[in-house]
Amino acid sequence: MKLIIAYFRPEQLNAVKQALYAKGVHSMSATNIAGSGRQKGYTETYRGVMIEVNLLKKVRLEVAVKDEKVTETMDAISAGAQTGKEGDGMIFVLDIADARRIRTGETGEMVFG
Amino acid sequence: MKLIIAYFRPEQLNAVKQALYAKGVHSMSATNIAGSGRQKGYTETYRGVMIEVNLLKKVRLEVAVKDEKVTETMDAISAGAQTGKEGDGMIFVLDIADARRIRTGETGEMVFG
Amino acid sequence: MKLIIAYFRPEQLNAVKQALYAKGVHSMSATNIAGSGRQKGYTETYRGVMIEVNLLKKVRLEVAVKDEKVTETMDAISAGAQTGKEGDGMIFVLDIADARRIRTGETGEMVFG
Amino acid sequence: MKRRWTLSTKALTVVGLAALVALVLPSAGFAQDEAPEFLSQQNGNVMWTLIAAILVMFMQAGFAMVETGLTRAKNAGNILMKNMFDFSAGSVAFFLVGFALMFGDDIGGFVGFSNFGLSEANTADADGLWGYTFWFFQCVFAATAVTIVSGAIAERTKFVSYLFLSFLVTAVVYPISGHWIWGGGWLSQLETPMIDFAGSTVVHSVGGWIAMAGALVLGPRIGKYTKDGVARAIPGHNLPLVALGVFILWFGWFGFNPGSTTAANGNIGLIAVTTNLAAAMAALAAMCTAWLRYGKPDVSMSLNGVLAGLVAITAGCANVSPMGALIIGFGAGILVVLSIEFLDKVLKIDDPVGAISVHGVCGAFGTLCVGLFASPDFGGTAGLFYGGGLSQLITQIIGVGAVFVWSFGAGLVLFALLKITVGIRVTAEEELKGLDLTEHGSEAYSGFQIFITE
Amino acid sequence: MKRRWTLSTKALTVVGLAALVALVLPSAGFAQDEAPEFLSQQNGNVMWTLIAAILVMFMQAGFAMVETGLTRAKNAGNILMKNMFDFSAGSVAFFLVGFALMFGDDIGGFVGFSNFGLSEANTADADGLWGYTFWFFQCVFAATAVTIVSGAIAERTKFVSYLFLSFLVTAVVYPISGHWIWGGGWLSQLETPMIDFAGSTVVHSVGGWIAMAGALVLGPRIGKYTKDGVARAIPGHNLPLVALGVFILWFGWFGFNPGSTTAANGNIGLIAVTTNLAAAMAALAAMCTAWLRYGKPDVSMSLNGVLAGLVAITAGCANVSPMGALIIGFGAGILVVLSIEFLDKVLKIDDPVGAISVHGVCGAFGTLCVGLFASPDFGGTAGLFYGGGLSQLITQIIGVGAVFVWSFGAGLVLFALLKITVGIRVTAEEELKGLDLTEHGSEAYSGFQIFITE
Amino acid sequence: MKRRWTLSTKALTVVGLAALVALVLPSAGFAQDEAPEFLSQQNGNVMWTLIAAILVMFMQAGFAMVETGLTRAKNAGNILMKNMFDFSAGSVAFFLVGFALMFGDDIGGFVGFSNFGLSEANTADADGLWGYTFWFFQCVFAATAVTIVSGAIAERTKFVSYLFLSFLVTAVVYPISGHWIWGGGWLSQLETPMIDFAGSTVVHSVGGWIAMAGALVLGPRIGKYTKDGVARAIPGHNLPLVALGVFILWFGWFGFNPGSTTAANGNIGLIAVTTNLAAAMAALAAMCTAWLRYGKPDVSMSLNGVLAGLVAITAGCANVSPMGALIIGFGAGILVVLSIEFLDKVLKIDDPVGAISVHGVCGAFGTLCVGLFASPDFGGTAGLFYGGGLSQLITQIIGVGAVFVWSFGAGLVLFALLKITVGIRVTAEEELKGLDLTEHGSEAYSGFQIFITE
Ligand SMILES: Nc1ncnc2c1ncn2[C@@H]1O[C@H](COP(=O)(O)OP(=O)(O)O)[C@@H](O)[C@H]1O
Ligand SMILES: Nc1ncnc2c1ncn2[C@@H]1O[C@H](COP(=O)(O)OP(=O)(O)O)[C@@H](O)[C@H]1O
Ligand SMILES: Nc1ncnc2c1ncn2[C@@H]1O[C@H](COP(=O)(O)OP(=O)(O)O)[C@@H](O)[C@H]1O
C-alpha cells in the first residue's frame, strides 16, 4: 500500500479527478496549500508598497492505493495536472505500514476492496 | 514511531478528541479536507443548474505516536469516528524515520516523552 | 529521499522560510492546521459561557529533500521556529519511496535537481 | 417641451397625474406656472412618515446581518432566507389581514375588523392618500416584530414552518395586541392609557415573547448543553456582519422612534436625542458589565447592549428627558447581559442571538420605565419619579403583563400547531450538516475553507 | 454670538449665504428674526427629490454586494471596482454630456442637445436651483442603468474596457432612449404617451439589454458549459453579501419609485405600497417556482425574485392599485426563474447574476403590464383590464420594442468596438487565476483559505 | 375611535402630546379637524436636519467597514468594537461636555462655556425644540471626527486607552477648534471669516491630525518595516467590506454636506452635486495615479480616492461651482495617493487605512481650495481664481494652520498622557496573536480557516 501525495495547480483538480476516475480510483483527499518550488513567486504592490508573494496557491491531493495501482495512479495524476509550465508540481510516494476502514474495521489491503 | 493519518466526518472530531484524551494521547494536528471515497457525493441545483458535489468535507487528523501506542490510538479514533454509515473514513499508518521536538531539540522516541 | 513534516507557530513561518532559503531549500508546501500538544489550549468566555479552545492554530510545513539534506533542513526549521516556549512544535521525517516531477516526468532523486 | 428639466414635476405632464395631484395638494386648482407656494402639513407628514418607514424597512437588513453573524456559517443562507421571507410573507399578510385587525373598527376593545386589503383607502383626497402611507409605516413595524423571532429559533427550525409562522404572526398575533395599544383597544381606553410611543411592547416584546415560546418548544441546538446541562458556547461566525447589522439597526431606529410621531413635528429631533443617548449608554453599560463578569469586553454581548438600549427607550422616547434616557439605557445595558446569562444558564433556553433578552426583557423593562421616568416637560405625562404618582406605572404593568400573556401564549399555541402539522425542527442529521445544504442545497461561502466540526 | 446653537441656519451667518438664500426662498426678503413661516412647495420638492436621489445612489452599494456575492472570491475586488467606477465615470459623463442629450432641447424627438455641463443651470432663483437637484436625481438613475451591466459580464471582462463602456453608456446610450420617454422625445409625444413612471424600461431594460449584448459578445466564462454544451453551476461565494445587497436595493427602491414624483406629493406613500407589495409577492412567487422546479428553495434565485418584482413594478408603481401590484409581482417572480433558466440552458448566455432576466426581461414585462393594469383611480390612466382599451398597451409595446432595438443594438456596437480596440476579454490564464490578482494585484480576502479550483 | 388609521398623528391622541405639539407648530391653536395647513419652515428645517444627521450617523458603519476591511482578520472584532464604542462614548461625552464647549457662550473667542448637558434646551417652543435637533446633528459630526482616529492606530492600540481617547477628544479637543470656526470663536470673527461649510477642517482634519499624533506615538505595527526601514505591505483582509464602507460613507456624505445648511433650503441639491462630482473625479484621479505609479489600479488606493474627494469638497461644497468641484476632486485624488506613499515610505508613519492622508491632508487641501475656487455665484464669496484676491485664502491658511497646531498638539499630549497612565500599546505577543483573542476573547470569523502568519 502506498500513499501518493501530489501537489499541483488548483485549476487542474477537475482534470486530475476525471483522470483518476477513468482509472477506477475514486477515493482521495484534497486540501489547499501554499507552496513554493521552481516556479518563483511574484511581487505585487499593495497601496504603493512592494509585497513578495512567494507562496503560491496549490492543491495537495492524497490518494492511498494498493501497490499495483501506484504507477497507474501517478500517471493519471500527471496527465491531469500537466500544463508544461513551471509550477506543475510534484508527486511523492510513501509506504503505508497499515490501514483501517473505520466503518467496517477492515484492515490492510482490504480497505481498498 | 508511526504517523497515523485518519480521515473522518467533521462532526465526529470532538468524539475522536475525547477518545484520544482518554488514552492519554494529547498531541495531534487536524486539518479540513475535501474527500471522496465510498460515500458518493450528491448533486444539487444552484440557480436551476445541476452541480455535482463529489468532494465532501472531512477532517484529516495526524497523530504521531510511539510504536506501542499505534493500535490503541487507531482503536480510539475508530471508536470516536464510527457512525456505521458510508463516509466514516479511513486510517492510514506510516513509518516515521526520525522526529525532533523543536523547543528542546530532543529526537527520536524522546519527543513523545 | 525524505519528507520532512514540521508543525510550528504561524508567526514563525517567515523566519523558517528565510532559514530554509539560506540553506538553498526553496521547495516547500505549507498549510494551516489546528493542533494540540504540550501547549495546553485556553478557555475563553463567549457571551458569558465558557469555551474551551484546545486546538491551537499552527502551520504545517512539508519539505521533501534528498537524504543528505535532511539534517541541514531540520536544523534550519528548528532555528526558524524555535521560541523556547511551549507550543514550538515538532518535526517528523518520513521515507519517500518514489517521486516524480509532473512537468518533466523526472523521477527519483532527479526531482530535486 | 423646452427646458423640461427645470420642471419639478416630471410626473405631471408625462404621466398625466395632474388630476390626482390636484386632489392631493391642499390648494385646490393650480396651473404649472403658479404652483402652490407652500408644502401642506399633510404632505409634510406623508414625507416624514414615509422616510421614517423606509428607514424602518432597512432594519430588516440589520436583523438579517446580526442573526447571520451570530450563528454558524453552515446555516447562513437559511437565516438570510428567513429574514428575507418573513418580510415578504409578512407584508402580504399584513396587507390582506393584519392591518384590518389592528386598525379596523374596534370590536369590544379586543380587535379591529374592517378595511381588509386596504379596501377603505382611497386616492380621492389627501386624507385618503394618507391611509397608504400609514399602512406602509405600520407594515414595516409588523415585519420588525416577526423578524425578531427568527434569531432565537435559528439553526434548527424548518424553513417552511417558519414561513407559516411569519404569516400567522403578522396576520393575527401582532395585530391583536397592537390593536389594544395603538388601534384604539382596551389598553388605550384605560383611564390612564398605556404609553408605548414607538413600540417597546407592541413590537419588541411581542416579538421577544413569541421567540421565547419558539425556543422553548423547539429545544436547544444539538451540542448547546452537555449531558449534565452545562451551557456550551457556539460562537457566531462573522462579527463584522454583526456589527454592521447593529449599525444598520441603530440607523433604522431613527426612523422607528422619531417616525412614530407620524407627523413632521418639531419634536422628532428630540426623540432622536433620547434614542441615541439611551443606545450609547446601554452599549457602555453592557460592555462594562460583560467586562466585569467575564474579564473581557465580549464583542457580541457589547453589541447586544446597543440594541437593548434602543429597545428600552422605544416606549418612552417621546416622554422622557435626555437624562431619563441615559438612565433607562444604563439599566437596559446591565439587564441584557444578566438576562442573557440567566436564560442561557438557568432557564436553559437556547437563544443564539439574545433576541429574547434584547427584545422581550428589555422591551418590558423600557415600557415599565415610562411609568417611572415620564417627564411632563417632554411628553405631557408625569411618571412616578416626576410626581405623577403610580397610575401610569400601574397601567404600564398591566399592559406589559397582558401582552406577555397574549403573545407568549399565542406563540406556544402556534408552535405547537406547527409541530403537529408540518413539523418545526429539522432532523439531527440536517442540523449537523447545516440547513444551507439540507434545506436550500447551497453553501453560503462557496470555496472558503470552513472548519465545521459541530 | 450668544445662543448661536439655537439658530437654524448656521450657513447664513457663517458662510454669508444670505443673499443666495434670499433668492431661494419664495418669500422675497426676510431677516433672521422674522424667518419665513412656511416651507415652500418648491423647497419641499427639493428636499424630497434629494432624499430620494440619495437613496437611489445607495443602490450602487446594493448592486456591488449582489454582484460580488454571486461571483467567485477570486474576482471580488474586480467586481467591486467596476461597481465603484461605473458610478464615478458615469457621474462625470452624465454631467458633461449625458444630461444634455437626455433633457436638452429636443431635436426631432430623437435626442436632446443643450445644457452640457449644466451650463444653463443657475443659482439665481428657486427654479434655477431646482435644476441641480433634478440633475442629481437623474444622474443616480443613469448610474443605475450602467451598473446593471457589470453583473452580467462579470468574471471575464477587462477592467479598462468596462470603464470605457460605462462612460459611453452614461454619456450616450442611456440618455437617448431616456430622452424618448422622459425627455420629451417621440415616445412621450405619441397620442397615448408611453407610461414608464420610474423607469422599468428607461433604466432597467436598457441596462439589461446592454448586458445581454455584452454577455453575448464576450461568451461564457471558462467552465460554464461542458464540451457538449451542458450548463454547469458556478456558485457565488458570499450569500450574506447577496442578501445584504438585495435589502439595500429594496431600501433604495423606495427612493427610486416614490422619488420619481420629483415632488413632495401626497401619493409618494401609495407608490411605496405598490412597490413593496410587488417585491414581496415576487419574492414568494420566485421562491415557490424554484421550490417546485428544483425541489428546494434556492437562495440566490429567491433573492432574484425580490429584484424582479421591484423592477417590474417600477413602470406602473404610480398607476396600479395595490392588488394590481400583487399580480404584477406574482408574474415577475415566476417569470424571472423561467427566464434565468431559459437564458442559461437554451440560449446559453452566461449571466452570473441573472441581470438580463431581472432587469431586461422583467423590466419589459412590467412596462407592458401598465397597459393591462393601469387603474384610473390611481394614476388617471386606464389599462386594458380597467376598460381603457388597447391604446395604452400598444404604446407600451412600441416603447418596449423600440428601446430593445436601440439598447441591444447600441450594446452590440459598443462591445464590438471595444473588442477590436482595447479588447474586452481577459486571457484564459487571467480568468483562471482570477481578475483580482491579474488586474489589480490584490486579493479580496487576504489570509483566508479559499479553495479555488476553477 | 373609528377610522383611527386615517389620522396622521397617532401621537396626538394616544400619547397626549397635543399640548406640546401646539407649541411646536407655528400657528398657535388648532384642533384635530382643522389641522394647520402648511408645514412651517422651522419644522421643515428640523426634518431636513434630522434626516441629514441620521445619514451622518450611518457613516459610523462606513468607517467601521472600511477600517475592518483594511486591517487583518485577527483584529477585526477589536476594530469593530472601537468603532462602535467611540460613537457610544462620544455621544455621552458630547452631551455632557463637548457641545457646551463648542456652542456655549463664547469666552475670548477660544471656547464656549454654557449649556452643559443641554441644560438650556427646552421644549417650550419651536426654537427650544430646534436645539435638540441641532445637538444631534452636531453630535454625529463630533463622532465622525473621533472615529477617524481608530483607523490610523489600528491593530496595536489598547482598547481601554482608545475608549478614554474618544471620550476626551469628543469632550474637549474637537469642540474647542470647532468653536473657533463654527461656534463663534476667533476664526469666525476674522474680518474675512474662515469658510469651512461642512467641516473639511473642523471635522476631518482634526480627526486626521489626532490620528497622526497617535500613529507617531504608537509606532508602526510589528512587521510593517524591515530592519533597514523598508516599508512592507500588510494587506487588508476583506475588500468587500471596504467597498461597502466606502459606499456607505459616500451615501452618508449626502447628509454631511447638504445637511450642513441645517435648513431646508433650495441649495441642498446643489451641494449634493458638488459633493458627488468631487468624489467621482477624485476616484478616477486616484485610480489613474495608482495605475501609473504601480502599473495596476490598486483597489484599496482607488477606494481611498473616493474618500479623499469627499473630504476635500466638504469645506467648499456650498461655495464652489460644479466645475470647481471637479477640479478639487481631481487634485485630492492625486494628492491622496502621493500622501499615502509619502507617509508610508518617507515619514514611516504606519497608517493601515490611510486616514491621515484622506482626512488630515485632503481636509487641509480642500479647506485651502475654498480660498482659490470659491465662486460668488454659488456661495456669495469670491476666491483667488474668481477675482476675490488673497484675503479668503489667507484666512483659510491661518485656519488650517491653527487647527493643525491645536489638534496635532492636543493629540500628542493625550497619547502621551495615556501612554504613561493606562498604556496605549498592546504587548508584542498580543499583537502577534491578534487583538480579538487577547483583548476580547473571541474570533471574528469562527470556523473559517485563516492563514495568520504575521
Ligand atoms: N520538495 C518539495 N517539498 C514540498 N513541496 C514541494 C516540493 N517541490 C515542489 N513542491 C510543491 O509543488 C508545487 C509546484 O512545484 P514547482 O517546483 O513550482 O513545479 P515545477 O517543477 O513544475 O516547476 C510547489 O508550489 C510546492 O507546493
Ligand atoms: N484511498 C484513499 N485515499 C485518500 N483518502 C481516502 C481514501 N479512502 C478514503 N479516503 C478519505 O476518507 C473519506 C471517507 O471515505 P469513505 O470511503 O467515504 O468512507 P467509508 O469507507 O465509510 O464509506 C473520504 O472522503 C476521503 O477523504
Ligand atoms: N504527536 C503529534 N502528532 C501530531 N502533531 C503533533 C504531535 N505533537 C505535536 N504536534 C503538533 O505540534 C504542535 C506543537 O506541539 P507542542 O507539543 O505544543 O509543542 P512543544 O513541544 O513546544 O510544547 C501541536 O499543536 C501539534 O499541531
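To find a chain, count down the sequence lines: A is the first, B the second, and so on, and within it residues start at 1.
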Of the backbone (N, CA, C, O) and the side chain (C-beta and beyond), which part of [X] lies under 4.5 Å from a heavy atom of chain F, both, or neither?
X	result
Val242(D)	neither
Tyr294(D)	neither
Ile268(D)	both

Check whether any side-chain heavy atom of [X] sits under 4.5 Å from a side-chain heavy atom of [Y], and report yes or no.
X	Y	value
Met47(F)	Met47(D)	yes
Val160(F)	Trp291(D)	yes
Val306(D)	Met84(F)	yes
Pro297(D)	His440(F)	yes
Leu239(D)	Ser442(F)	yes

* Asked: Please walk me through it: do Ile51(F) and Phe254(D) pass side chain to side chain contact (heavy atoms under 4.5 Å, CB included)?
  -> CA-CA 9 Å; Ile51(F) 290 167; Phe254(D) 292 117; over 6 Å; no
[atom1]-[atom2] distance between [X] and [Y], expressed to the nearest 0.5 angstrom:
X	Y	atom1	atom2	answer
Met323(D)	Ser119(F)	CE	OG	9.0 Å
Leu39(F)	Asn265(D)	CG	CG	9.5 Å
Ile450(F)	Gln449(D)	CD1	CD	12.0 Å
Asn122(F)	Asp377(D)	CG	CG	9.0 Å

* To do: Check step by step if side chain to side chain contact (heavy atoms under 4.5 Å, CB included) holds for Tyr132(F) and Asn267(D).
  => CA-CA 8 Å; Tyr132(F) 292 101; Asn267(D) 66 331; over 6 Å; no
* Parallel under 30°, tilted from 30 to 60°, perpendicular over 60°: which one fits the rings of Phe87(F) and Trp250(D)? -> tilted
Please report the shortest heavy-atom distance between [X] and [Y], naming the atom on each side.
X	Y	answer
Leu244(D)	Met65(F)	CB-CE, 3.7 Å
Met81(F)	Ser302(D)	CE-OG, 3.3 Å
Leu50(F)	Pro258(D)	CD2-CB, 4.2 Å
Ala280(D)	Ser88(F)	CB-O, 3.4 Å

* **Phe58(F)/Phe247(D) under ring pair (Phe, Tyr, Trp, His ring centres under 6.0 Å): CA gap, chis, key distance, verdict** => CA-CA 7 Å; Phe58(F) 197 44; Phe247(D) 275 121; 7.9 Å; no
* **Residue, of Val46(F), Ile54(F), Thr133(F), that accumulates the most heavy atom pairs under 4.5 Å with chain D** => Ile54(F)
